[in-house]
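Computed from heavy atoms alone, side chains included, the values below leave out hydrogens, waters and symmetry copies. Lettering of chains follows the sequences in order, A, B, ..., and the numbering in each one begins at 1.
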Amino acid sequence: MINVTLPDGSVRQYEKGTTALDVAKSISEGLARNVLAARVNGDVIDATRELPENTTLQLLTWNDEDGKSTMWHSSAHLMAEALEFFYPGIKLAIGPPVANGFYYDVDFMEHSISEKDLEKIEQKMKELAKEKNPYVRKEVSKADAISYFSERQDPYKLELIDGLEDGNITFYTQGNFTDLCRGPHIPDTGFIKAVKLTAIAGAYWRGDEKNKQLTRIYGVTFPKQSELEDHLQKLEEAKRRDHRKLGKELELFTFSQKVGQGLPLWLPKGAALRERLENFLKKAQRKAGYDQVITPHIGNKELYVTSGHYAKYGADSFQPIRTPDPNEEFYLKPMNCPHHCEIFKSKPRSYKDLPARFAEFGTVYRYEQSGELHGLTRVRGFTQDDAHIFCSQDQVKDEFKNVIDIVLYVLKTLNFQNFKAQISLRDPENPEKYIGSDENWEKAEQAIIEAAAEKNLNTVVAYGEAAFYGPKLDFMVQDALGREWQLGTIQVDYNLPERFELEYTGADNQKHRPVMIHRAPFGSMERFVAVLLEHCAGDFPLWLSTEQFAILPISEKYNDYAENLSQLLNNYDIRGFVDDRNEKIGKKIREAELKKIPFMLIVGEKEAENKEVSVRQRGQGDKGSMSIESFAEIVRKAIEEELSSNV
RNA sequence: GCCGGUGUAGCUCAGUUGGCCAGAGCAGCUGAUUUGUAAUCAGCUGGUCGGGGGUUCGAAUCCCUCCACCGGCUCCA
């Protein structure tokens, strides 16, 4: 007999040879139908494998992340089976589950495949799924594994086997398909009820662009057709919120082939939005003791030789700007830090001057690979809400906490609840990759960890993700498709103060090297606006809206009254316009709603007589009539509330 | 940069077995209408069919090439 401990703490006894699936059946048939895999003593294994004598068991279903990924992993095998049916002789590389489904990388050899072929592959997968073929696990020796894939002339699997230990190799077979695989897998293909192959893309073998490029097919499967439909609906919603689409519709920004790839043009409404965000942050920074500075868009080559960026990125960036003097070269600035270092150096500094905080909305240019460009999130010219703090090592922690406060204020004011904070530290295995003394690194890493803890941040620690010049703390949020984007960042830098030979005089009258902290709460104006657009679907908070109200006269007779109201609201510092076109009220309302204007003020005979306005709120409909003063008060209070989210 | 896809009016899109002057809706302009909470009606304007080259009696449609965009890969100070 074996003892099985379930998550609720209860212990049950079973015959030797019992599987997780048997346990599920003993609890209920319904549960058994939903069990995709099992967590046994911490490891996720097939639900069909024999349980050890003392087992802590958790049955995994579609509601568990591990259940889901097991299903998707099995789906990748199912897709491979279908692919081999249509394209005999193809070579399979790897087929793992990912965040939103699975993929398989395939070398199609002489075959070619396009999106049109996906449907027939889906159909075949569904057919195969209906056969309810079990996924059968088999342990094989390394020699047998090699001989199996040698016969099939699959160089990719052979390379993978080469890296595996003998005695630790397993094959999984379902139907007519056998694959090298660690598993685990779902009990049989019948669990897969809905299939959607989503995309074809290129991917390099082992992610190295020197290797052969394979064809990657992405797909997603579900245990119910309705779940697939929900998923597709979510994708539609994501498309609706896409910042590129909204940016065009709301006339915020555009691109021009003539101006160049990745170089956004901010339209009047977009520029107004940006200005509001900048002022919002400037105000917060002023309170936090920052000084605003301004530096030019280009810098002498010497500046970047000193900073080290010339050696590292010179050849892959925008090429130099020349002058009539053949010995002179200027570069577009790829970052603001070197300029700010020179500002620090502009006069002797004392410890009493520290921390010095220089802030600039600095526009920088980076030659990103053309395939990397994406709307406003990845561009070649962008404006960082940059600042550099020069402080002593002892001040790092407090400065970090102050910056965290600003970042949180920004995220909270704009209603980003689902952000992640990542602490990036050294890779303990490769200490030689980093510059700066061990002691300073130790101190800085500790300072970040403590600052984050004291600010109650929910953090993940990533070893080896630090920059070569210092550890950092990044804030990530998700876009409409669930892709993660880094917004705010705070980085410690030991490199530039060294290279620029920055120093200050300490209380001991000795020269000391300051620590530099880079930070950008938005990240960049471009990326932040993009993510914000997707986050709020274009429904900006009132304080950010370019047009806070639209006055809609019922007929042209009331245009004068409307114009007066508009002036009045302007005096209250509320922005908006009068839609004095000769159109029906229904049309004016529709268009104002589509333009995402927060308040529509409808005026006609009644309102003109009673000196009132009829207020309609975006997405909520009629709010009734009131005086213009009451309306102004409502707006004032709403904005005050939006901006008061103190940390 | 690489793989795959797309490019027709300001916007959204029809039109591709090569063939009458390249179409629609919205937007814009003109006029009628003077309107009560998500589209009033009529007329008009607008396109080197992404750029260049080629095949053909004839090209939006077929071929070559370049550019941009989209989905990925790689990269991201």
Side-chain angles (χ1 to χ4, degrees), chain A residues 98 103 105 108 112-118 198-218 239 242 244-245 248-249 251 254-262 304 307-314 316-317 333-338 364 366-375 377-380 384 386 467-470 472 481 483 486 489 491 493 495-496 518 527 552-559 581-595 600-607 614-625:
Chain A
V98 288
Y103 66 79
D105 281 349
F108 273 90
S112 71
I113 182 168
S114 78
E115 308 227 347
K116 292 183 204 78
D117 301 313
L118 294 182
T198 47
I200 297 182
Y204 299 100
W205 167 238
R206 308 215 125 172
D208 187 338
E209 64 182 309
K210 289 184 208 77
N211 287 337
K212 179 159 189 187
Q213 185 151 27
L214 307 172
T215 304
R216 176 172 296 181
I217 304 181
Y218 283 91
K239 250 196 209 157
D242 189 309
R244 291 165 299 190
K245 178 176 148 76
K248 193 182 264 182
E249 284 170 6
E251 297 183 16
T254 187
F255 289 90
S256 145
Q257 252 191 68
K258 268 206 176 110
V259 171
Q261 256 192 306
Y304 303 112
S307 72
H309 293 103
Y310 177 78
K312 200 158 183 209
Y313 299 102
D316 300 322
S317 62
K333 74 173 170 190
M335 80 295 300
N336 304 298
C337 355
V364 298
R366 300 178 185 179
Y367 188 77
E368 306 290 359
Q369 293 192 64
S370 68
E372 242 340 277
L373 301 172
H374 179 94
T377 51
R378 282 285 274 177
V379 288
R380 284 180 169 167
Q384 295 179 309
D386 214 353
F468 72 92
Y469 51 77
K472 58 180 182 169
L481 279 168
R483 286 176 297 213
Q486 180 200 311
T489 179
Q491 312 184 358
D493 188 346
N495 180 40
L496 288 181
H518 308 251
R527 184 175 291 180
L552 314 178
I554 299 278
S555 87
E556 288 179 336
K557 281 186 237 160
Y558 312 104
N559 280 357
R581 293 175 306 163
N582 176 9
E583 294 289 352
K584 293 180 97 162
I585 192 66
K587 179 159 186 166
K588 292 183 183 182
I589 287 169
R590 179 182 154 78
E591 292 187 2
E593 289 272 0
L594 290 175
K595 280 162 78 181
M600 285 146 272
L601 306 178
I602 292 144
V603 294
E605 192 180 351
K606 268 185 292 180
E607 289 77 12
S614 173
V615 177
R616 182 188 162 99
Q617 199 167 350
R618 170 181 67 198
Q620 296 183 24
D622 200 346
K623 293 272 160 184
S625 290

For atom CD of A:Glu368 and atom P of B:A68, their distance in whole Å: 15 Å

Between the protein and nucleotides 3-10 of chain B, which nitrogen or oxygen pairs are less than 3.5 angstrom apart?
{"from": "B:C3", "atom 1": "O4'", "to": "A:Gln213", "atom 2": "OE1", "distance (Å)": "3.0"}
{"from": "B:C3", "atom 1": "O2", "to": "A:Gly202", "atom 2": "N", "distance (Å)": "3.2"}

Whole angstroms only, please: what is the CD-C1' distance between A:Gln617 and B:U37? 14 Å

Between the base of B:A38 and the side chain of A:Arg616, is there a donor and acceptor pair under 3.5 angstrom? yes

Categorize A:Ile585 for me: base, sugar-phosphate, or nothing, with a 4.0 angstrom heavy-atom threshold over every strand shown. sugar-phosphate

With heavy atoms under 4.0 Å as the rule, sort A:Tyr218 into base, sugar-phosphate or nothing. sugar-phosphate

Assign A:Tyr103 to base, sugar-phosphate, or nothing according to its heavy-atom contacts below 4.0 angstrom with the strands shown. nothing

Taking atom CD of A:Gln617 as the centre, report whether more than 12 heavy atoms of other residues, nucleotides or ligands fall under 6.0 Å from it. yes

For a quick check of understanding: with a heavy-atom distance under 4.0 Å over all strands, which category does A:Glu583 fall into, base, sugar-phosphate or nothing? base

Students often get this wrong, so: under 4.0 angstrom with heavy atoms, is A:Gly371 touching a base, only sugar-phosphate, or nothing? base

Contact class for A:Ser307 vs. all strands (heavy atom < 4.0 Å): base, sugar-phosphate, or nothing? nothing

Which distance, rounded to the nearest 0.5 Å, do you find between the CZ of A:Arg590 and the CD of A:Glu583? 12.5 Å

Could you tell me the separation between the CE atom of A:Met335 and the P atom of B:A77, rounded to a whole number of Å? 10 Å

What is the distance, rounded to the nearest whole Å, between atom NZ of A:Lys212 and atom P of B:C2? 17 Å

Salt-bridge contact A:Glu593-A:Arg616 (side-chain N to carboxylate O under 4.0 Å): yes

All N/O contacts under 3.5 Å from nucleotides 25-27 of chain B to the protein, with atom names and distances to one decimal?
{"from": "B:A27", "atom 1": "OP1", "to": "A:Lys587", "atom 2": "NZ", "distance (Å)": "2.9"}

Nearest-Å distance, CG (A:Asp242) to P (B:C70)? 9 Å

Which part of the nucleic acid, if any, lies within reach of A:Gln384 when heavy atoms closer than 4.0 Å are counted: base, sugar-phosphate only, or nothing? nothing

Under 4.0 Å between a side-chain N or O of A:Arg244 and OP1 or OP2 of B:C11? no

Could you give the CZ-to-C1' distance, from A:Arg216 to B:G72, as a whole number of Å? 8 Å

Donor-acceptor pair present, A:Tyr204 side chain and B:G1 base, under 3.5 Å: yes

Rounding to a whole Å, what distance do you find between A:Gln369:CD and B:C70:P? 16 Å

So what does A:Lys248 touch, heavy atoms closer than 4.0 Å: a base, only the sugar-phosphate, or nothing? sugar-phosphate

Rounded to the nearest 0.5 angstrom, the OG-OH distance for A:Ser555 and A:Tyr558 is 5.0 Å

Roughly, in whole Å, what's the span from CG in A:Asp386 to C1' in B:A77? 11 Å

